[in-house]
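A note on names: the letters A, B, ... follow the listed sequences, proteins ahead of strands, and every chain is numbered from 1.
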Amino acid sequence: ELKVEQNPLFLSMQEGKNYTIYCNYSTTSDRLYWYRQDPGKSLESLFVLLSNGAVKQEGRLMASLDTKARLSTLHITAAVHDLSATYFCAVDRYNNDMRFGAGTRLTVKP
Amino acid sequence: GAVVSQHPSWVICKSGTSVKIECRSLDFQATTMFWYRQFPKQSLMLMATSNEGSKATYEQGVEKDKFLINHASLTLSTLTVTSAHPEDSSFYICSARTVGQGVYEQYFGPGTRLTVT
């Protein structure tokens, strides 16, 4: 069974600081996703990582994938308050459903 | 980009009544649709997977007779919560997957917040 573990579950950061969220998964996968969720809202797609060594960046967020280690990271650079949200990683396989990590609740404090 | 809509966006119903939630793919045909449930401050949990014209496949622990899923067309799936109880109050999110030439994409709806009183 495909399992996805995410850590930390809670993250409180000061503005301007850097931090990394980790996502481990248990079996081979076709894709790894990162989503953002604001309170009361659905998911906003951030990144889709398809292959080993893939790195994608958007603004202050950068995601990477190591398929051999079954690990993805979401790195936050110089955090700002607007990044406060819950971040989920998810993994799926072709013809199968998507499995989500538990989520990381990020709070960026001034 | 591809859009998935859900209706209603929120609903309040009385205990014992049934509620139907619609999920539509607006500009693409969805070979598979997924229904997720999310309790406050928790992750998304898959409830069931449905393919157009086929019976839904439910995850372990999800009652088929309580959560009726119909996927009548390539653009519409419905989730009916029958005899709703307060513990069914949750955020329900659908997702639609499209496949073409071995490449697939999955898109999420905006969610429906159900409150059972």
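Counting heavy-atom pairs under 4.5 Å between each of Glu44(A), Met98(A), Lys41(A), Arg99(A) and chain B puts Met98(A) at the top. Chosen from Thr32(B), Leu46(B), Leu44(B), Thr57(B), the residue pairing most often with chain A at heavy-atom distances under 4.5 Å is Leu44(B). When each of Ala90(A), Gly103(A), Gly40(A) is checked for heavy-atom pairs under 4.5 Å with chain B, Gly40(A) comes out on top.
Both the backbone and the side chain of Phe100(A) have a heavy atom closer than 4.5 Å to some heavy atom of chain B. For Glu105(B), the parts lying near chain A are the backbone and the side chain together; criterion is any non-hydrogen pair under 4.5 Å.
By the 6.0 Å contact criterion, CE on Met45(B) is open, its count of non-hydrogen atoms from other residues, nucleotides or ligands being 12 or less. Under a cut-off of 6.0 angstrom, the local environment of CD in Glu58(A) is sparse, with at most 12 non-hydrogen atoms contributed by other residues, nucleotides or ligands. Annotation: Tyr58(B), atom OH; neighbour count of heavy atoms from other residues, nucleotides and ligands within 6.0 Å is above 12. Sparse packing is recorded around CG of Asp65(B), with 12 or fewer heavy atoms of other residues, nucleotides or ligands lying under 6.0 Å away. More than 12 heavy atoms of other residues, nucleotides or ligands sit less than 6.0 Å from atom NE2 of His85(B). For Glu5(A), the CD atom counts as loosely surrounded, since its 6.0 Å shell holds 12 or fewer non-hydrogen atoms of other residues, nucleotides or ligands. Annotation for Lys20(B): atom NZ does not count as buried by contact number, only 12 or fewer foreign heavy atoms lying within 6.0 Å.
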Task: side chain to side chain contact (heavy atoms under 4.5 Å, CB included) between Gln38(B) and Leu43(A), worked out - done: CA-CA 11 Å; Gln38(B) 185 180 32; Leu43(A) 303 179; 5.8 Å; no
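The two atoms that bring Gly101(A) and Ser43(B) nearest to each other are O-OG, 2.6 Å, heavy atoms only. Listed here is the closest heavy atom pair of Gly111(B) and Ser42(A): N-CB, 4.2 Å.
Taking the side chain as every heavy atom from C-beta outward, Gln37(A) and Phe108(B) never approach each other to under 4.5 Å.
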